[in-house]
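Reckoned from all heavy atoms, side chains included, excluding hydrogens, waters and symmetry mates.
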Amino acid sequence: MAPRANWKGFLRLSLVTCPVALYPATSESEKISFNQLNRTTGHRIKYLKVDSDTGDEVPNEDIVKGYELEKGQYIEVSKEELEEIALESTRTIEIDEFVDRSDIDPRYLIRPYYLRPDGKVGHDAFAVIRETIREMDKVAIGRVVLTNREHIIALEARDKGLIGTLLRYPYEVRSEQEYFDEIQEVKVTKDMLDLARHIVNQKAGRFDPEKFEDHYESALIELINQKRAGKVIRPKERPKGENVVDLMEALRKSVDREAAPAKAAPKPAKTQRKAAAGQKEMLMSIAGKKTVKAAAAKKPAAGARRKSA
């Protein structure tokens, strides 16, 4: 079952309009998460919204938004006032222009969403917009309001739908000069580049996200499973970084090291998929309430066990 839409409205290309819904394309819910506890009692920490001066808890209906002009001085802005300045993009994604994908600087990318027709009408208009984007091999640029802020959104054709990626505004992107100006100018020799290219060629491949495992997530699962089993957790010795004195020698050794694994037969794709599935099964084993409920559903009633006996 698809998650609930983050936004519903219309997608418009000039006079062509169709109702659409926007869904998150990514999720963090599968990752291990922690709660904060009181070390003394073991109870969970609870956060309250309190008045910074009186210390009294403030109910939600008495909380308003405020912009701080200077220390301790605010201008209050009501929900109604914010709705009054609502933009057209709160209801419509208007396609303003089409650009090449290579024109979009990766620093401007925020997060992806899936865009599909909303309901049973408008599929024809949606298909026209989608296929135009696909055939022209372009990215459509529009605007959409999410969480009360207007965002730039880049739309690309994907299968039967569209992927919309939120983009940052220029004022949100820092200049690289602030960080790169102090990098020393270094002359890299042709021999060094040749060795480095050789390493790159040995590591060349195609991007396949199924090959990658979240090692930190796996380590978290292992840690929690060990603590559940009552095992003593001992710190591991951390690897020490080494300062490279002879860069050419380090490059030569790297070429030799990368050549060794290349001789071994690569693992089949099925093995990689099984590894990923195995990681998910490990996560399920500590999923808590869901696992308990599933086990309870499978467990026969006490009367049934006595009867079968």
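- Hydrophobic clustering keeps Leu223 apart from Ile221 (ILVMFWY residues linked when any side-chain heavy atoms are closer than 4.5 Å, directly or through intermediates).
- Lys138 contributes atom NZ, which lies 13.5 Å from atom OG1 of Thr132 (distance to the nearest 0.5 angstrom).
- The heavy-atom pair separating Ala154 from Ile141 by the smallest distance is CB-CD1, 3.9 Å.
- The two residues Asn6 and Pro24 have their closest heavy-atom pair at OD1-CD, 3.4 Å.
- Side-chain heavy atoms closer than 4.5 Å link hydrophobic residues (I, L, V, M, F, W, Y) into clusters, and following such links, even through other members, never connects Phe10 to Ile95.
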Self-check item: From CA spacing to verdict: side chain to side chain contact (heavy atoms under 4.5 Å, CB included), Lys160, Arg116
Solution: CA-CA 8 Å; Lys160 295 191 294 182; Arg116 73 178 189 189; over 6 Å; no
Exercise. Give the C-alpha distance, both sets of side-chain angles, the deciding distance and a yes or no for side chain to side chain contact (heavy atoms under 4.5 Å, CB included) between Leu146 and Ile153.
Key: CA-CA 11 Å; Leu146 291 173; Ile153 187 167; over 6 Å; no
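- Put simply, the side chain of Tyr114 does not reach to within 4.5 Å of the side chain of Asp159, judged on heavy atoms.
- Residues Leu13 and Phe98 meet the side-chain proximity criterion, which asks for heavy atoms closer than 4.5 Å.
- By the neighbour-count criterion of 12 heavy atoms within 6.0 Å, atom CD of Glu61 is densely surrounded, having more than that number from other residues, nucleotides or ligands.
- For CZ of Arg143, the number of neighbouring non-hydrogen atoms (other residues, nucleotides, ligands) closer than 6.0 Å is greater than 12.
- The two residues Arg206 and Lys211 make their nearest non-hydrogen contact at O-NZ, 3.5 Å.
- A heavy-atom distance below 4.5 Å is found between the side chains of Glu217 and Lys31.
- If you take CG on Leu22 and CG on Asp118, they are separated by 11.0 Å, rounding to the nearest 0.5 Å.
- The cluster map of Ile, Leu, Val, Met, Phe, Trp and Tyr, joined by side-chain heavy atoms under 4.5 Å apart, puts Val20 and Val121 in different clusters.
- Counting only heavy atoms from C-beta outward, the side chains of Asn60 and Lys49 approach each other to under 4.5 Å.
- Nearest heavy-atom pair across Cys18 and Ala125 is CB-CB, 3.8 Å.
- No path of Ile, Leu, Val, Met, Phe, Trp and Tyr side chains, each step under 4.5 Å between heavy atoms, connects Ile133 with Val128, placing them in separate hydrophobic clusters.
- Annotation for Met136: atom CE does not count as buried by contact number, only 12 or fewer foreign heavy atoms lying within 6.0 Å.
- One distance of note links CG of Leu166 with NE2 of His151; it measures 5.5 Å at 0.5 Å rounding.
- At least one side-chain heavy atom of Thr26 sits under 4.5 Å from a side-chain heavy atom of Pro112.
- The local environment of OH in Tyr169 is crowded, with over 12 non-hydrogen atoms from other residues, nucleotides or ligands closer than 6.0 Å.
- Considering only heavy atoms from C-beta on, Asp96 comes within 4.5 Å of Glu94 through its side chain.
- No more than 12 heavy atoms of other residues, nucleotides or ligands sit less than 6.0 Å from atom OH of Tyr67.
- Panel note: side chain Arg168, backbone Arg107; a donor-acceptor pair is recorded below 3.5 Å.
- Leu167 and Tyr113 fall into different hydrophobic clusters, where Ile, Leu, Val, Met, Phe, Trp and Tyr side chains are chained together by heavy-atom contacts under 4.5 Å.
- Scanning both residues, Ile233 and Gln226, for their nearest heavy atoms gives CD1-OE1, 3.2 Å.
- With rounding to the nearest 0.5 Å, the separation of CD1 in Ile45 from CZ in Arg39 is 11.0 Å.
- Inter-residue side-chain proximity for Tyr108 and Pro170 is flagged as met; some heavy-atom pair is nearer than 4.5 Å.
- Of all non-hydrogen atoms in Ile110 and Thr165, the two that sit nearest each other are N-CG2, 4.4 Å.
- In Glu68, the CD atom is crowded: over 12 heavy atoms of neighbouring residues, nucleotides or ligands sit closer than 6.0 Å.
- For Asp137, the CG atom sits in a loose shell: 12 or fewer heavy atoms of surrounding residues, nucleotides or ligands are nearer than 6.0 Å.
- We find the CZ-CZ distance between Arg130 and Arg158 to be 13.5 Å, quoted to the nearest 0.5 Å.
- For Asn38, the CG atom is densely surrounded, since the number of other residues' heavy atoms within 6.0 Å is greater than 12.
- At least one side-chain heavy atom of Leu115 sits under 4.5 Å from a side-chain heavy atom of Ile93.
- Residue Asp103 holds its CG atom at 9.5 Å from CD of Glu97, rounded to the nearest 0.5 Å.
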